[in-house]
Amino acid sequence: MKTEVLFEEYRGDVLECQHSGMVCVVDEKGIAASAGSTDWTSFYRSASKPIQALPILIRGLDRKYGLTAEETAIFSGSHWGDREHVRALESIMDKTGLTEEQMIMLPTYPNRQEEKMRLLRANQPPRKAYHNCSGKHLGMMLLARELGEPVERYWVRDSLTQREILHCISLMTDIPAENIRVGVDGCGVPVYAVPFRAIATSYLRLARPELIENEPLRTAVARNVELLHAHPNMIAGENIVCSVLTADPDLIGKSGALGVYALGIRSLGLGIAAKTMDGSHDEFAAAVLRVFQLLGYESGTVEKLRALYPDTIVNDNNEHVGCRKAVFSLKHQ
């Protein structure tokens, strides 16, 4: 495995920290540009969620239960536990008869610090619905029931539910199912590892579903991305990098734990994957902005992302004490 220095962090004018990793850019012909290894086996983590949600759409379960576009979009999200997210999740449970108790993860508080503090001040207990993966879990539970297996087995690796999701991962990456490595994600369900380039390939297909040969899958991808563009806050939350990107009909972006970010650019016909090997999340927006810069891609979305995620490093007193620099280049194939 080969890595390159992707980011440098300075405190004052002193280099204090470096983050190494890899970046891969693919087009429909294959690898177009890269920094570091492209064949290293990497877990998607939550970057797989827009793919894990596809069996729900292929089987029309959203329409079967009368779910709104907003509710369906949250199956692909790592939501921040905002009140709009909780309302959508509760509505899904009301319509489908699924319950929080059937989810495998432990109760927690929202990712959004302001919402967490509001709940704590009100002496509200943690809930499974607040977990950022709860939308994904409800989707898997719905699929399990449709497949005729106990809802409580939705998370089991060899369940019908997880086999169907693995099949979609295989189709989106061109990696045979038997060659996809499977682990356990932070929320307790299976998580998939593929050659790094294959993550980028799957995001090219999310951005350009017309490249998918399988018709039911192609239709499901096109519809899922359309839903996410219409309701981008369901993929993360207001002013979060994934939602800022996905609000743009030319883009689809999704983060994964421990430094994974995946992006599709429709107009350029590109899929991109980036990974910081120390697992840092602080560089997600910086990675995307550096790739945009190297590709010469400009839009209003780029400017909004720059405004929301400046390169400055701020201490506990809101004082600017340093900066983060993206230093990687892309070697074109």
Side-chain angles (χ1 to χ4, degrees), residues 5-21 23 45-47 77-87 107-127 130-133 186 232-248 251 253-263 274-294 297-328:
V5 175
L6 303 182
F7 304 97
E8 294 177 344
E9 292 186 10
Y10 289 81
R11 191 163 296 266
D13 59 358
V14 176
L15 177 63
E16 185 174 43
C17 184
Q18 290 182 326
H19 301 278
S20 296
V23 180
R45 301 301 299 263
S46 284
S78 296
H79 69 80
W80 275 52
D82 295 330
R83 278 179 267 193
E84 63 178 324
H85 300 133
V86 177
R87 283 196 298 269
T108 187
Y109 284 101
N111 280 356
R112 183 84 70 182
Q113 189 66 17
E114 298 89 339
E115 189 63 14
K116 176 181 177 179
M117 295 309 298
R118 182 186 72 81
L119 292 166
L120 288 171
R121 286 193 295 269
N123 293 316
Q124 294 297 306
R127 290 178 59 181
Y130 297 149
H131 194 288
N132 75 96
C133 295
N233 283 353
M234 292 296 109
I235 204 170
E238 186 177 7
N239 291 335
I240 305 301
V241 57
C242 302
S243 293
V244 174
L245 292 170
T246 305
D248 188 327
L251 303 169
K254 183 71 186 72
S255 63
L258 293 180
V260 175
Y261 206 87
L263 173 72
K275 164 78 173 178
T276 52
M277 289 303 295
D278 61 5
S280 175
H281 291 191
D282 294 338
E283 293 72 35
F284 283 158
V288 171
L289 287 170
R290 177 62 170 171
V291 168
F292 284 160
Q293 179 187 23
L294 294 172
Y297 183 84
E298 288 290 342
S299 72
T301 298
V302 177
E303 293 307 313
K304 182 175 182 180
L305 201 61
R306 286 186 182 130
L308 287 170
Y309 293 92
D311 289 333
T312 53
I313 295 173
V314 178
N315 69 5
D316 296 341
N317 300 328
N318 290 323
E319 177 186 5
H320 291 181
V321 296
C323 67
R324 179 183 298 106
K325 295 181 181 180
V327 296
F328 64 89

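Interatomic distance, S243 OG to N233 CG, rounded to the nearest 0.5 Å: 5.0 Å. Going from atom CD of E238 over to atom CG of L308 covers 9.5 Å, rounded to the nearest 0.5 Å. Atom-to-atom distance recorded for F7:CZ and S20:OG is 10.5 Å, nearest 0.5 angstrom. Here the NE2 atom belonging to H320 is positioned 4.0 Å from the OG1 atom belonging to T312, to the nearest 0.5 angstrom.
With sequence neighbours left out, the ring pair (Phe, Tyr, Trp, His ring centres under 6.0 Å) criterion links Y109 to no other residue. Under the ring pair (Phe, Tyr, Trp, His ring centres under 6.0 Å) criterion, F292 pairs with Y297, not counting sequence neighbours.
Looking at K275, its side chain does come within 3.5 Å of a backbone N or O of L258 through a donor-acceptor pair. Under a 3.5 Å cut-off, the side chain of D82 and the backbone N or O of E84 do not form any donor-acceptor pair. In terms of modelled atom types and a separation under 3.5 Å, the side chain of T276 and the main chain of D278 share no donor-acceptor contact. In this structure a side-chain-to-backbone donor-acceptor pair under 3.5 Å is present from R290 to F328. When atom types are taken as modelled, the side chain of Y261 and the backbone of G256 share no donor-acceptor pair closer than 3.5 angstrom.
Of all the heavy atoms in M234 and H79, the pair that sits closest is O-CB, 4.4 Å. G81 and H85 get closest at one heavy-atom pair: N-ND1, 3.5 Å. Taking every heavy atom of both residues into account, C242 and A236 meet most closely at CB-CB, 4.0 Å. Shortest non-hydrogen contact noted between V5 and V327 is O-CG2, 3.6 Å. Considering every non-hydrogen atom in both R324 and A286, the closest pair reads CD-CB, 4.3 Å. In this structure, V260 and A47 approach most closely via the heavy-atom pair CG1-CB, 4.2 Å.
Within 6.0 Å of CG in D13 there are 12 or fewer heavy atoms belonging to other residues, nucleotides or ligands.
Side chains of L120 and K116 form a contact here, defined as non-hydrogen atoms less than 4.5 Å apart. In this structure, the side chains of E319 and V314 stay at 4.5 Å or more apart for every pair of heavy atoms. Side-chain contact between E9 and I313 is present, with at least one heavy-atom pair separated by less than 4.5 Å.
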Query raised in the report: Can E8 and K325 be said to form a salt bridge (Lys or Arg N to Asp or Glu O under 4.0 Å), step by step?
Result: CA-CA 5 Å; E8 294 177 344; K325 295 181 181 180; over 6 Å; no
Query raised in the report: Between S299 and D248, does a side-chain contact (heavy atoms from CB on, under 4.5 Å) hold up when you go through it step by step?
Result: CA-CA 9 Å; S299 72; D248 188 327; 3.9 Å; yes
Query - salt bridge (Lys or Arg N to Asp or Glu O under 4.0 Å) assessment of E114 paired with R83 - result: CA-CA 11 Å; E114 298 89 339; R83 278 179 267 193; over 6 Å; no
Report task. For side-chain contact (heavy atoms from CB on, under 4.5 Å), just list the numbers for T246 and L251, CA-CA rounded to whole Å, side-chain angles, deciding distance to a tenth of an Å, and then say yes or no. Result -> CA-CA 6 Å; T246 305; L251 303 169; over 6 Å; no
Query - Intermediate values then yes/no, side-chain contact (heavy atoms from CB on, under 4.5 Å), Y130 and N111 - result: CA-CA 8 Å; Y130 297 149; N111 280 356; over 6 Å; no
Report task. Step by step, work out the side-chain contact (heavy atoms from CB on, under 4.5 Å) result for R112 and I240. Result -> CA-CA 10 Å; R112 183 84 70 182; I240 305 301; 3.9 Å; yes
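Under a 4.0 Å N-O distance rule, the pair E298/K304 does not qualify as a salt bridge.
Of the N and O atoms on the side chains of S78 and K254, at least one donor lies less than 3.5 Å from an acceptor on the other residue.
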